[in-house]
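Because the structure is a prediction, the values reported are computed rather than measured.
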Amino acid sequence: MKEERKSYMSKIEDLKKEHSLKKREIRNRLREFRETWEKGDEAIFRELCFCILTANASAQMGINCIDNIGDLLLKGSIRDLKRIRCGGHRFPNKRSEFIVKTREYIKNDLEFRLKDKIESIKDSHEMRDFFANNPGIKGIGYKESSHFLRNIGFKGYAILDKHILKSLHEFGVIKEIEKPNTKKKYIKIEDKMKTFSKKIGIDIDELDLLLWSRKTGKILK
């Protein structure tokens, strides 16, 4: 038991050391996310599309697709957007449909004033619910809604992808590596991650990027 405790504490110390080494880069990345918010509605919509594209795919694939689509995000038809094949996306037809339908909802129902809508929601859980449960916003659930809000500068959300779940399991935060497929399960794991972050003294937003970078070698998503 003592040896297990010693091994665990050693892993925590290694994690803290890695955080110290990557802290500046991580904080710069978080600052860049907030800059997206300051750029306004088109940049925010672009980030939402990125998160639609990363669902069941990878962050790098999402980046490739967004770069290839370019200005067609704002005006292209479903057929036009199928050029996301250029990014090698696994689901080009569905993702094209999701983006166009989401864009039309935001134009028609929100007058493309995404920033105003988000600012009108004061509770962080309600803000995420608006994107995760909204029938007008296609292709994202709690993970990608969390991803989107974090990527436009909002704090306190865990992005529970496979890399984060594996890491939480390795540190004994969760017993099993299982995707949280309901709101209740998602919040339960997120709360455990928040408790862990407080325990080890690493901010939840920084911890998310730190754990992700340990698995991917990048501070990217």
Side-chain angles (χ1 to χ4, degrees), residues 29 32-33 35-119 121 127-154 157-165 179-183 186 208 212 215-216 218-221:
R29 190 73 183 111
E32 288 172 3
F33 292 148
E35 288 172 1
T36 299
W37 172 260
E38 301 300 336
K39 290 175 183 175
D41 291 316
E42 288 188 10
I44 293 168
F45 175 69
R46 182 182 175 88
E47 200 63 38
L48 180 59
C49 292
F50 163 73
C51 291
I52 290 171
L53 289 163
T54 59
N56 297 311
S58 67
Q60 190 59 58
M61 185 176 289
I63 291 169
N64 293 344
C65 291
I66 287 290
D67 288 344
N68 284 325
I69 294 170
D71 291 340
L72 287 174
L73 277 177
L74 298 173
K75 59 187 178 182
S77 65
I78 292 174
R79 184 175 181 180
D80 291 333
L81 293 189
K82 287 180 183 178
R83 66 173 57 192
I84 58 176
R85 289 181 186 277
C86 298
H89 203 284
R90 295 166 61 199
F91 311 108
N93 296 343
K94 267 297 178 188
R95 293 300 178 268
S96 300
E97 181 183 328
F98 289 163
I99 287 171
V100 171
K101 289 188 175 182
T102 298
R103 186 185 68 206
E104 293 311 301
Y105 162 76
I106 291 170
K107 279 184 177 180
N108 295 332
D109 287 52
L110 305 180
E111 299 178 343
F112 216 83
R113 296 168 65 180
L114 257 178
K115 192 171 183 178
D116 286 349
K117 179 60 184 177
I118 294 168
E119 285 182 324
I121 307 171
M127 192 181 294
R128 179 165 58 188
D129 286 346
F130 176 79
F131 290 95
N133 298 327
N134 192 327
I137 297 174
K138 305 294 184 181
I140 63 174
Y142 276 88
K143 176 175 73 72
E144 289 306 331
S145 295
S146 303
H147 191 179
F148 164 65
L149 290 168
R150 194 283 309 277
N151 278 19
I152 59 172
F154 288 88
Y157 297 104
I159 297 88
L160 301 177
D161 67 3
K162 62 182 180 180
H163 301 301
I164 301 300
L165 292 171
K179 288 184 178 180
N181 55 9
T182 67
K183 175 183 177 179
Y186 198 97
D208 188 278
W212 200 80
K215 294 298 183 184
T216 65
K218 300 175 183 178
I219 300 171
L220 175 66
K221 68 167 185 168

* Asked: Do the side chain of N64 and the main chain of M61 share a donor and acceptor less than 3.5 angstrom apart?
  -> no
* Salt bridge or not for R150 and D208, using N-O below 4.0 Å? -> yes
* Structure fact -> Between the CD1 atom in I44 and the SG atom in C49, the distance rounded to the nearest 0.5 Å is 12.0 Å
* To do: Any chance you could measure K39, atom NZ, to E47, atom CD, to the nearest 0.5 Å?
  => 9.5 Å
* Asked: Side chain of T102, backbone of I137: donor and acceptor closer than 3.5 Å?
  -> no
* Does the separation of the ring centres of H147 and F50 fall below 6.0 angstrom? -> yes
* Have N181 and Y186 got a donor and an acceptor in their side chains that come within less than 3.5 Å? -> no
* Kindly indicate, with the supporting measurements, whether the criterion side chain to side chain contact (heavy atoms under 4.5 Å, CB included) is fulfilled by L53 and I99. => CA-CA 9 Å; L53 289 163; I99 287 171; 4.1 Å; yes
* Asked: Between the side chain of S146 and the main-chain N/O of Y157, is any donor-acceptor distance below 3.5 Å?
  -> no
* Cationic tip of K218 within the cone over W212's six-membered ring, i.e. under 6.0 Å and within 45° of the normal? -> no
* Asked: Is the shortest side-chain N to carboxylate O distance from E97 to K101 below 4.0 Å?
  -> yes
* For the pair R46 and D67, find out whether any cationic side-chain nitrogen is under 4.0 Å from an anionic carboxylate oxygen. => yes
* Asked: Is the F154 ring parallel, tilted or perpendicular to the W37 ring (thresholds 30°, 60°)?
  -> perpendicular
* Asked: Side chains of Y142 and D129: is there a donor and an acceptor less than 3.5 Å apart?
  -> yes
* Structure fact -> dist C65:SG -> R95:CZ (nearest 0.5 Å) comes out at 10.0 Å
* Please name the residue in the list D116, L114, I118 that meets the side-chain contact (heavy atoms from CB on, under 4.5 Å) test with D41. => L114
* Asked: Looking just at side-chain N and O atoms, do S96 and N93 make a donor-acceptor pair shorter than 3.5 Å?
  -> no
* **Approximate separation, where rounding is to 0.5 Å, of E111 CD and K117 NZ** => 12.0 Å
* To do: With rounding to the nearest 0.5 Å, note down the distance linking CD in E144 to CG in N151.
  => 9.0 Å
* Quick one: CZ on F112 to CZ on R103, what's the gap to the nearest 0.5 Å? -> 8.0 Å
